[in-house]
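First comes the structure, then the notes that go with it.
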Amino acid sequence: MRIDVLTLFPEAFENILEVSIVRRARQKGLLEVVLSNIRDFALNNYNSVDDKPYGGGPGMVMMCQPILDCLEQVEADGPGKGRRIMLSPQGQPFSQNLARELAQEERLILIAGRYEGFDERIRIALQPLEISIGDYVLSGGEIPAMVIIDAVTRLLPGALGDERSTEQESFTAGLLEYPQYTRPEVFRDLGVPEVLLSGHHAKIEEWRSQQARQRTRQRRPDLLAELANETEEQKSDIQNNRKS
Ligand code: 4FV
């Protein structure tokens, strides 16, 4: 997979690209990340990429020309068209389902903004998929872009040492993950649930799924509702398919 990032702060990505799973995926040739500085495409002699908002109001807005010229250069430069993604609080909430969907793509082009946001005509011209990582306002789209890079990279086949680890983790089955334990067996008088020491795999599986459901019910009942809806939808799809 190739991921292009359009940003005013390419240096902000150095660390995330040089550690752990993302670093290994790049070394294994599973992932290529190309950073482009939007300011390199500024035309005016002030090298500016932002300007005052029409209609007044606080802050500055990112101009159309530098971003569109940068994107057209990046698209011309790389293999395949790529999925255009704009990071903004107005985007659809990022999720594990969306991460799985994006991990199927050959190429992603992430557009990270700054200031108060983007001139609306950038959205009109590029028709990007808009993604938000949460209902809060950050100072830039760089961290959201890093979230996407990390979540998608670990779903690339071969990126994780043991593929199984993405099968049982939180949100994979729409539930939160069950409690995990490792050595020592007793830590500050705190032990490990007997079932996990029993070696009885069926009992361990049952305990884990019971714990995952309980934890989800206690902490994220909204996920259970979502799961119930999904199951209903699947049921009605099956019925409809049967009818057709
Ligand atoms: C954001 C979010 C976010 C808004 C103005 C950058 C900031 C500034 N992006 N999920 N939450 N973006 O807060 O994706 O340009």
Side-chain angles (χ1 to χ4, degrees), residues 1-23 25-26 31-44 46-51 53 58-78 80-95 98-99 101-103 105-156:
M1 169 181 276
R2 171 166 164 162
I3 300 181
D4 286 275
V5 184
L6 282 64
T7 171
L8 291 171
F9 299 100
E11 65 275 22
F13 291 81
E14 275 144 20
N15 300 341
I16 184 113
L17 301 180
E18 294 308 332
V19 295
S20 183
I21 292 163
V22 174
R23 175 191 175 84
R26 296 172 60 229
L31 173 71
E32 181 191 8
V33 179
V34 179
L35 307 171
S36 301
N37 192 331
I38 296 166
R39 199 175 295 282
D40 296 346
F41 295 80
L43 283 182
N44 59 31
Y46 308 102
N47 235 4
S48 57
V49 295
D50 62 307
D51 206 335
M60 302 293 270
V61 175
M62 294 199 74
M63 298 157 61
C64 299
Q65 174 272 323
I67 289 181
L68 291 187
D69 287 357
C70 182
L71 184 108
E72 278 144 21
Q73 167 80 39
V74 163
E75 286 195 335
D77 166 35
K81 213 163 152 1
R83 188 95 180 263
R84 297 170 177 172
I85 294 172
M86 174 183 277
L87 291 309
S88 95
Q90 294 107 45
Q92 78 179 78
F94 189 50
S95 68
L98 188 45
E101 185 191 320
L102 297 179
E105 300 279 348
E106 290 287 309
R107 186 179 180 196
L108 304 178
I109 300 177
L110 307 180
I111 305 167
R114 281 270 155 176
Y115 313 104
E116 297 311 307
F118 302 94
D119 184 300
E120 191 61 20
R121 294 165 288 186
I122 296 169
R123 288 184 177 83
I124 295 163
L126 300 183
Q127 297 296 312
L129 167 66
E130 262 189 275
I131 296 178
S132 169
I133 65 164
D135 298 340
Y136 37 79
V137 180
L138 302 168
S139 54
E142 284 72 21
I143 292 170
M146 294 175 198
V147 167
I148 307 279
I149 292 171
D150 189 282
V152 168
T153 298
R154 53 195 309 293
L155 295 174
L156 298 177

Do Phe13 and Thr7 come close enough that some side-chain heavy atom pair is under 4.5 Å?
->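 In contact.
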Inter-residue atom distance [X].[atom1] - [Y].[atom2], 0.5 Å rounding:
X	Y	atom1	atom2	answer
Leu17	Asp150	CG	CG	10.5 Å
Met1	Leu155	CE	CG	9.5 Å
Asp4	Leu71	CG	CG	8.5 Å
Ile85	Ile109	CD1	CD1	9.0 Å
Ile38	Cys70	CD1	SG	5.5 Å
Leu87	Phe118	CG	CZ	7.5 Å

So, Arg114 and Asp50, do they make that salt bridge, N to O below 4.0 Å?
->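 Asp50 and Arg114: not salt-bridged.
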Run the salt-bridge test on Glu18 and Arg26 with the 4.0 Å N-O cut-off and return the result as yes or no.
->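 So Glu18 pairs with Arg26 through a salt bridge.
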Counting only heavy atoms not in Glu72, do more than 12 fall under 6.0 Å of its CD?
-> yes
Taking everything shown except Asp77 itself, do over 12 heavy atoms lie less than 6.0 Å from its CG?
->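 Enclosed: over 12 neighbouring heavy atoms sit under 6.0 Å from CG of Asp77.
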Show me the donor-acceptor pairs, under 3.5 Å and distance only, between side chains in residues 123-134 and residues at least two apart or in other chains.
| from | atom 1 | to | atom 2 | distance (Å) |
| --- | --- | --- | --- | --- |
| Arg123 | NE | Glu130 | OE1 | 2.9 |
| Arg123 | NE | Glu130 | OE2 | 3.1 |
| Arg123 | NH1 | Glu120 | OE1 | 3.0 |
| Arg123 | NH2 | Gln90 | OE1 | 2.7 |
| Arg123 | NH2 | Glu130 | OE2 | 3.2 |
| Gln127 | NE2 | Arg123 | O | 3.4 |
| Gln127 | NE2 | Ile124 | O | 3.0 |
| Glu130 | OE2 | Ser88 | OG | 2.6 |
| Ser132 | OG | Gly134 | N | 3.1 |
| Ser132 | OG | Gly134 | O | 3.1 |

Taking every non-hydrogen atom, the tightest pair across [X] and [Y]:
X	Y	value
Phe94	Ala99	CZ-CB, 3.7 Å
Arg107	Val74	NH2-O, 2.8 Å
Val61	Pro53	CG2-CB, 3.8 Å

Report the C-alpha distance between Glu75 and Arg84 in whole Å, list the side-chain angles of each, state the deciding distance to 0.1 Å, and finish with yes or no for side-chain contact (heavy atoms from CB on, under 4.5 Å).
-> CA-CA 10 Å; Glu75 286 195 335; Arg84 297 170 177 172; 2.8 Å; yes
Of Ile21, Thr153, Val152, the one forming a side chain to side chain contact (heavy atoms under 4.5 Å, CB included) with Leu31 is Thr153
Audit row: Val5, Ile149, side-chain contact (heavy atoms from CB on, under 4.5 Å) steps and yes/no = CA-CA 10 Å; Val5 184; Ile149 292 171; 4.0 Å; yes
Run the side chain to side chain contact (heavy atoms under 4.5 Å, CB included) test against [X] and tell me which residues pass, sequence neighbours left out.
X	value
Ser20	none
Glu32	Arg2, Val34
Arg39	Leu8, Asn37, Asn47, Val49, Tyr115

Listed partners of Asp69 passing side chain to side chain donor-acceptor pair (under 3.5 Å), at least two apart = Gln65
Residues in salt bridge (charged side-chain N to carboxylate O under 4.0 Å, His left out) with Glu101, at least two apart?
-> Arg83
Under the side-chain contact (heavy atoms from CB on, under 4.5 Å) criterion, do Gln92 and Leu98 qualify, and how do the steps go?
-> CA-CA 10 Å; Gln92 78 179 78; Leu98 188 45; 3.6 Å; yes
